[in-house]
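Note that ligands are numbered from 1 as they come in the structure, with each ligand's atoms numbered from 1 the same way.
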Amino acid sequence: MLTWQAGLAAVLALVPIGPKRRVRLEQAAGRTLALPLMARNDSPPFDSSAVDGFGVYPADVATAAADAAVRLQLVATIRAGDSTHLRLRRGAAVKLLTGACVPPSVGGVVMKEYCREEGRAVIVSRAVEPGENIRRRGGEFRKGQAVLPAGVRITPPVVGLLATFGYANVSVHAKPVVTIAVTGDELLSARESLRSGKIRDANSHALHAAVRALGVDGCRTMRLKDRPALLRRRLADALRRSDVLLTVGGMSVGDYDYVRPVLGALGVREVFWRMAIKPGKPTYFGVCDRPRRVRGGRGGPCLVFGLPGNPVAALVCFHQLVKPALLKMTGLASGMRPTLRATLVGARRKEAGRLEWVRGVMSSRNDEVIVQATAGQDSHMLGGLARANCLIQFLPGASYLADGEVVTVEPLLWRE
Ligand code: AMP
Ligand code: MG
């Protein structure tokens, strides 16, 4: 059976990166740079004072000390925002506020804390090195230099850099449009009262939240009965309107598991079905190639993920397979998730053959990361996943993990 690594590689190889879009700077946060962020000017754009203080010739205050203060003539004040053509004379000082332009003749800035103003003079009690407290023009970035490459997430500091370099509009990648179609005759809405044989639909809500947590806001959900004609009609519509279709349930080998044959009949090319993973064995992936933009539909391929109906399986498979695909579509260059090593508390067994993601809680104990499986590991037990903060990798070849063994864990981050 297909390994998770091979399945993920097959998915990522078919994932298209969203086309470029220009958005206003105010709308850019959380998206991905589609072009490198270039320095459009030197930064800082001029020599500026890092402190409130007095600009001097360093040689004039070379001997200055607490018990040997030097008196200089105060000739001007320059505030942040002022422009200046001042040429400082030897024996003189200029008062500079933080962020003020430092004239070329000023060799260093003595912090205000070491100076005392007396009328039109300033008494300096500390020497200053050449260049001290001066932020040089271009000291961080030179005009024309690449500041960040394309494919970087636009975090708050990136937004700040974009503003610094005058990007009122930013090239980002378009977000995919996602449809979540949950299937099952047993499903009720969250508002309905339970009745015999029925359960409330957890998956459409949980997956909708998982998609939105990635910043993908174009996401709609539909709840469908296990009826081939209905599935065919609604899934055909979803395939036309979405870049990604997540079907949930009906993917196994039960008598009413119609989703896979319906997708086949709708022209979805199956890339794989079933993986050597737990939870999530019946996971499916296919691609529907479409002509470019017909009758209000989307252009390019629609990726189809068929997730199992058990809520833990659906969310873990989303996390391991769908999330990397969605992040790549939004243009993110490095979607690799960090793992760390932790000491397992409590032994575990399984049959060899499948990669199992055990839901765990990691914590620290004397500078060591420890991890313990949560209670409730069955794939319908959402509580175990809700309490977990990581997934413990129980490798396919292994059948036993000993108490105290060092294992690989993956933090469960629902963002990215
Ligand atoms: P299936 O994959 O359709 O065979 O469903 C597997 C199990 O998951 C069954 O017990 C279903 O009742 C349950 N299940 C399917 N869809 C959902 C859903 N949307 N919310 C909660 N449980 C579900
Ligand atoms: Mg079902």
**Q** Taking side chain as C-beta onward, heavy atoms only, is Lys95 less than 4.5 Å from Glu117?
**A**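 Side-chain contact under 4.5 Å: yes.
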
**Q** Under the side-chain contact (heavy atoms from CB on, under 4.5 Å) rule, collect the residues that match up with Asp60, sequence neighbours excluded.
**A** Tyr57, Leu72, Arg90

**Q** Under 4.0 Å between a side-chain nitrogen and a carboxylate oxygen: does that hold for Arg233 and Asp237?
**A**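 So Arg233 does not pair with Asp237 through a salt bridge.
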
**Q** Do Thr32 and Arg153 pair up side chain to side chain, a donor and an acceptor below 3.5 Å, judged on atom types alone?
**A** yes

**Q** Once you restrict both partners to nitrogen or oxygen, which atoms of ligand 1 have a protein partner under 3.5 Å, and how far apart are they?
**A**
residue	atom	partner	partner atom	Å
ligand 1	2 (O)	Gly309	N	2.9
ligand 1	3 (O)	Gly250	N	2.8
ligand 1	8 (O)	Gly309	O	3.3
ligand 1	8 (O)	Asn310	N	3.2
ligand 1	12 (O)	Glu186	OE2	2.5
ligand 1	14 (N)	Gly309	O	3.2
ligand 1	19 (N)	Asp201	OD1	2.9
ligand 1	19 (N)	Asn203	ND2	3.3
ligand 1	20 (N)	Ala202	N	3.0
ligand 1	20 (N)	Asn203	N	3.4

**Q** Give the ring-plane orientation class for Phe272 versus Phe285, where under 30° counts as parallel, over 60° as perpendicular and anything between as tilted.
**A**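 Phe272 vs Phe285 ring planes: tilted.
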
**Q** Is the closest side-chain donor-acceptor distance between Thr408 and Arg341 under 3.5 Å?
**A** yes

